[in-house]
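Indexing begins at 1, ligand by ligand and atom by atom, following the structure's order. These figures come from a predicted structure and were not determined experimentally.
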Amino acid sequence: MPERNRFTGKMEPSIRDYDLSEALDLVDRRFGIDTLMRDLTAPRDRLVAAYYKQSRKGYEHYHRDASMHYALCEGEDYDHDGLYAQARAVIALARRTGAKRILEIGCGQAFNARHVAQELPGVEVMGLDLMQDHADRANARAAEAGLSNFHAAQGSFTAFPQDAGQFDIIFAVETLCYADRDEIDSIAGHLFDHLVPGGHFMMHDGIRKADWDDYPRDLQTAHVLNELCMAVTNDFFSEGEWEAALVRAGFVDITTEDLSQQTLGTVRRIARMGVLYTTRWKYRLMMRFVPKYLARNSVSGLLSIFALFGSAKEPDVRKGIVKYLLVTARKPE
Ligand SMILES: C[S@@+](CC[C@H](N)C(=O)[O-])C[C@H]1O[C@@H](n2cnc3c(N)ncnc32)[C@H](O)[C@@H]1O
């Protein structure tokens, strides 16, 4: 049944009309599942760079301030305000602990870090991203907003810049999913080294459920395609992997909070866009002129509701194959 778009008032096809096999059929017809799967062997950083270069306009359309993460909303509907949830968690922690230096790794155009800097003018906030273009755009946006306590630099979370120094808080939003499994200990070690004694680490990210192997094959395929169409080639981490690595690095007070339910509004919104772009002739025609990786975001749009909620008709976090988690840790004094 078509649904009315809350924002435009127009009637549009609905993701609720698709079960998982129909959604996978649609993806196969439009993109070819085998073709998409070839990216599993693509060189990681080159794929990430190509994906973000081609997807920039899409993210800027998603929100004019270029957020590249899920909004966390209380109800079932998407709300732009939910995009500030991750930054608000950092701001609350900073206020509670009196933080003076904060780093966001994998900051993109620094939607989160710039918001933190704006809300905490007495705090020095730094952003780090693999892509020079993201760092440049983050700095340009900060300059335009007159934010003198923020700056971004190019750099990888696999090799922190030598001169970055130590921070009271380091946070990561939907970026550590790009790490390789064999890098997890060295990254946890870098986080530890670059925090002051008593400093805090906080990550929001998608994580595969511990019993992933017990879920239906179709659901696993849907999520692998979801990962690949966001340029994640080496599987999301599994529940417990980051927590264990943080313990090995020396962190204490590790906490894990499941925020999956709060992603429903976002996955519905991007599913609506996914359906539009893959079924409506006007959008399909447009897609022919759109760069490959930008177009493939519609695959993630279509499939992420299944990955997190198992079904688009009756979404239920218990039926999803991935979770959206907040993991926190503290470096001992
Ligand atoms: C989904 S976006 C999230 C951006 C931002 N944290 C946000 O919430 O809007 C992931 C970001 O991670 C960055 N990234 C991927 N691999 C990275 C690495 N090895 N080091 C630093 N950044 C990386 C990408 O360039 C991209 O900007």
Side-chain angles (χ1 to χ4, degrees), residues 42-56 58-72 80 82-91 102-117 125-139 141-142 150 152-161 164 169-184 186-188 190-191 194 201-207 226-234 236-237 259 263 266 270 293-294 296-297 300-301 304 322 324 326:
R44 179 188 62 178
D45 287 359
R46 216 182 310 151
L47 182 68
V48 170
Y51 167 77
Y52 280 101
K53 186 167 179 230
Q54 293 187 9
S55 299
R56 180 172 64 80
Y59 281 114
E60 288 174 352
H61 175 69
Y62 176 62
H63 189 279
R64 61 188 159 72
D65 216 5
S67 68
M68 303 178 185
H69 59 273
Y70 278 33
L72 300 176
H80 278 331
L83 289 170
Y84 296 94
Q86 293 87 343
R88 281 187 192 126
V90 175
I91 292 163
I102 299 179
L103 170 69
E104 179 179 9
I105 51 174
C107 66
Q109 293 192 35
F111 180 97
N112 307 304
R114 284 183 287 112
H115 185 63
V116 173
V125 183
M126 182 179 174
L128 197 65
D129 198 275
L130 185 66
M131 292 188 59
Q132 183 69 55
D133 182 58
H134 282 171
D136 291 345
R137 287 178 192 277
N139 283 328
R141 284 176 185 269
F150 169 85
Q154 189 280 330
S156 173
F157 49 63
T158 57
F160 281 45
I169 297 175
I170 301 179
F171 73 100
V173 179
E174 298 172 34
T175 187
L176 287 171
C177 52
Y178 289 99
D180 279 334
R181 204 149 255 99
D182 61 6
E183 292 168 334
I184 193 168
S186 74
I187 295 170
H190 289 314
L191 294 169
H194 285 276
F201 169 62
M202 183 179 259
M203 69 182 273
H204 287 82
D205 223 324
I207 300 283
N226 181 32
E227 289 173 348
L228 281 177
C229 290
M230 295 182 294
V232 174
T233 50
N234 21 250
F236 276 18
F237 287 90
L259 304 177
T263 68
T266 298
I270 59 179
Y293 294 116
L294 175 57
R296 288 183 182 181
N297 281 295
S300 289
S304 56
V322 294
Y324 190 94
L326 164 60

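A donor-acceptor contact under 3.5 angstrom links the side chains of Asn112 and Glu104, judged on distance only. No hydrogens or angles considered: a donor-acceptor pair under 3.5 Å links the side chains of Tyr324 and Glu174. Residues Asn297 and Tyr51 bring a donor and an acceptor atom of their side chains to less than 3.5 Å of each other.
Of all atoms in ligand 1, numbered sequentially from 1 with element shown, those under 4.0 Å from a heavy atom of Gly108 are 4 (C), 27 (O). Set against the non-hydrogen atoms of Gly155, the atoms of ligand 1 under 4.0 Å away are 20 (N), 21 (C). In summary, the atoms of ligand 1 found under 4.0 Å from a heavy atom of Tyr178, numbered by their order in the structure, are 10 (C), 15 (C), 16 (N). Residue contact check: Glu104 has heavy atoms under 4.0 Å from atoms 5 (C), 6 (N) of ligand 1.
With sequence neighbours excluded, the residues forming a ring pair (Phe, Tyr, Trp, His ring centres under 6.0 Å) with His69 are Phe111, listed by chain and number.
At the top of the distance list for atom 27 (O) of ligand 1, counting protein heavy atoms only, stands Asp129 OD2, 2.7 Å. Protein heavy atom in closest approach to atom 4 (C) of ligand 1: Gly106 O, 3.4 Å. For atom 21 (C) of ligand 1, the closest heavy atom belonging to the protein is Leu130 N, 3.3 Å. Looking at atom 12 (O) of ligand 1, its nearest protein heavy atom turns out to be Thr175 OG1, 2.8 Å.
Remark: ligand 1 and Ser156 share an N or O pair separated by less than 3.5 Å (distance only, no angle test). Of the polar atoms of Tyr52, none of the N or O atoms is found under 3.5 Å from an N or O of ligand 1, judged by distance alone. Where the criterion is an N or O separation shorter than 3.5 Å, residue side chain and backbone included, Phe157 meets it with respect to ligand 1. Below 3.5 Å of separation, one finds an N or O of His134 facing an N or O of ligand 1. Close N/O approach between Val173 and ligand 1 is found [any backbone or side-chain N/O within under 3.5 Å]. Checked against a 3.5 angstrom limit, the closest N/O atoms of His69 and ligand 1 fall inside it. At least one N/O-N/O distance between Met68 and ligand 1 falls below 3.5 Å.
Residues Ile207 and Phe237 meet the side-chain proximity criterion, which asks for heavy atoms closer than 4.5 Å. Counting heavy atoms from C-beta on, the side chains of Ile105 and Leu191 come closer than 4.5 Å. Put simply, the side chain of Ile169 does not reach to within 4.5 Å of the side chain of Leu103, judged on heavy atoms. The side-chain heavy atoms of Phe157 and His190, taken from C-beta on, include no pair separated by under 4.5 Å. Under the 4.5 Å side-chain criterion, counting only non-hydrogen atoms from C-beta, Ser300 is not in contact with Ile270.
When non-hydrogen atoms are compared, ligand 1 lies under 4.0 Å from neither the backbone nor the side chain of Asp45. At a heavy-atom cutoff of 4.0 Å, ligand 1 is contacted by the backbone of Cys107 but not by its side chain.
Here the side chain of Asp129 pairs no donor or acceptor atom with the backbone of His134 at under 3.5 angstrom.
We find that Lys53 and Asp133 are not joined by a salt bridge, their nearest charged nitrogen and carboxylate oxygen being 4.0 Å or further apart.
Remark: distances from the non-hydrogen atoms of Asn112 to ligand 1 include one below 4.0 Å.
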